[in-house]
Amino acid sequence: MWFWRNHFCFAGELVDGVTVYMDAMARANEIYRVNNSGISQQLRRKEIFIRWKQPPWPWCKLNTDGSCKNDWEAGAGGVIRDSAGHWISGFCIRIGESSVLMAELWGLYQGLILAWDVGIKRLLVEVDSLCVTQMIAKQVVVPNVFHALIVAVQELLSRNWQIAITHIYREANSTADFMANMAHSAPLGLQVFSDPPMGIYSIISQDLFGVTQPRFVSI
């Protein structure tokens with residue numbers, strides 16, 4: 001609760017009760033696994049350095065993200081790049097009034113459709129929402145409000161291609177975060193970009209050069 005309160009105060013993004021509940025469940029599951037893993041020493045934290053990593057050839061990578069402002073205005077976005085880190089396609093979608101978790105799911109769904117439509121057959125997908133990866137993997141109970149979208153995502157995943165979804169830290173998801181935030185100033189609906197939009201070039205360059213960002217994690 002304190003995390004989401006601070007998120008609202010300092011990032012200006014409001015989340016709904018369902019999202020807070022799903023996040024609490026995800027964190028509770030993680031705590032349960034730690035407590036039952038035989039680890040007896042006191043948990044410590046260390047600083048790690050995180051960066052976006054190019055997929056191995058001949059795979060491509062899709063990064064997606066969702067955003068919700070304090071007026072419940074939601075958007076999502078994503079970027080598809082090849083094994084050299086070159087832009088293949090990107091998108092943003094202004095959803096309207098919704099929740100941040102719904103925006104995350106819409107970003108994943110729309111990103112998968114875009115990747116399929118451009119003919120990609122080997123795809124690594126990265127999202128920075130642990131709740132999303134757990135719902136897709138059926139590791140947590142899915143609230144009814146998300147059920148139809150989860151089913152649609154799972155149908156896309158079952159198609160004839162090689163695909164894997166992983167959770168990453170938000171520090172490795174800056175391009176998708178840019179696209180998701182750009183959705184708030186875009187018209188309602190979907191915008192597809194065959195070339196990178198203005199303003200994102202510096203982030204893409206940082207990804208290509210392997211620029212890292214620090215983060216403290218439990219050990």
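Keep in mind that this is a model prediction, so the values were computed, not measured. The residues of the chain are indexed from 1 along the displayed sequence.
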A183 and G75 have their tightest heavy-atom pair at CB-CA, 3.9 Å

About how many Å separate OG of S67 and CG of N181, when rounded to the nearest 0.5 Å? 4.0 Å

Single hit among H184, E73, Q191 for side chain to side chain donor-acceptor pair (under 3.5 Å) with R94: E73

Consider only side-chain heavy atoms of I, L, V, M, F, W and Y, link residues closer than 4.5 Å, and tell whether V140 and I136 are in one cluster. yes

Side-chain heavy atoms nearer than 4.5 Å, only ILVMFWY residues, links allowed to pass through others: does that put W106 and F193 together? no

Hey, are the side chains of S218 and R44 touching, using non-hydrogen atoms and a 4.5 Å cut-off? no

So, taking the atom named CG in D117 and the one named CD1 in I113, what distance separates them when rounded to the nearest 0.5 Å? 7.0 Å

CD-OG1 distance between Q206 and T175, expressed to the nearest 0.5 angstrom: 11.0 Å

Heavy-atom pair of closest approach, residues G111 and I80: O-CD1, 4.3 Å

As an exercise, state the distance from CE of M102 to CD1 of I95, rounded to the nearest 0.5 Å. 8.5 Å

Is it the case that one hydrophobic cluster holds both Y169 and V132, taking links as side-chain heavy atoms less than 4.5 Å apart, direct or via other members? no

How far apart are the closest heavy atoms of M182 and C92, and which atoms are they? CE-SG, 4.0 Å

Taking the side chain as every heavy atom from C-beta outward, state whether P56 and L124 have any atom pair closer than 4.5 Å. yes

Within a strict 4.5 Å, meaning less than it, do heavy atoms of the F91 and I93 side chains meet? yes

Do NZ/NE/NH1/NH2 and the carboxylate oxygens of D207 and R81 come within less than 4.0 Å? yes

Should we say atom CZ of R215 is surrounded by more than 12 heavy atoms from elsewhere, each under 6.0 Å from it? yes

Nearest-0.5 Å distance that lies between atom CH2 in W161 and atom SG in C60: 10.5 Å

Salt-bridge contact E126-K61 (side-chain N to carboxylate O under 4.0 Å): yes

Compare all side-chain heavy atoms of S129 with those of L101 and state whether any distance is below 4.5 angstrom. yes

Flag the pair R51 and E171 as a salt bridge only when some basic side-chain nitrogen lies within less than 4.0 angstrom of an acidic carboxylate oxygen. no

What is the minimum heavy-atom distance between I200 and W87, and which atoms define it? CD1-CZ3, 4.0 Å

More than 12 heavy atoms of other residues, nucleotides or ligands under 6.0 Å from CD of E47: is that the case? yes

Just so I know, are the side chains of T133 and I165 near enough to count as touching, which here means a heavy-atom distance under 4.5 Å? yes

Evaluate side-chain contact (heavy atoms from CB on, under 4.5 Å) for L112 paired with R159, printing each intermediate quantity in order. CA-CA 11 Å; L112 291 173; R159 293 184 180 182; over 6 Å; no

Would you indicate whether the side-chain heavy atoms of I168 and V127 approach each other to under 4.5 Å? no

Nearest heavy-atom approach of S98 to C68 is O-SG, 3.3 Å

Any side-chain heavy-atom pair from T212 and I50 closer than 4.5 angstrom? no

Minimum heavy-atom separation for P197 and F178, please, with both atom names. CG-CE2, 4.4 Å

Taking a hydrophobic cluster as the set of Ile, Leu, Val, Met, Phe, Trp and Tyr residues connected by side-chain heavy atoms closer than 4.5 Å, whether directly or through intermediates, do L108 and M135 fall within one such cluster? yes

Start with the C-alpha distance between Q162 and L123, add both sets of side-chain angles, then the distance that settles side-chain contact (heavy atoms from CB on, under 4.5 Å), and finish with yes or no. CA-CA 6 Å; Q162 293 177 261; L123 184 67; over 6 Å; no

Flag, side chain of D82 to backbone of G85, donor-acceptor distance under 3.5 Å: yes

Are D65 and N63 side-chain neighbours, meaning at least one heavy-atom pair lies under 4.5 Å? no

Is it the case that over 12 heavy atoms from other parts of the model lie below 6.0 angstrom from the NZ atom of K53? no

Distance check, rounded to the nearest 0.5 Å: Q139 atom CD versus C131 atom SG? 11.5 Å

Verify same cluster id: I203, W52 (apolar side-chain graph, 4.5 Å): no

Would you say Q54's side chain and S83's backbone share a donor-acceptor pair under 3.5 angstrom? yes

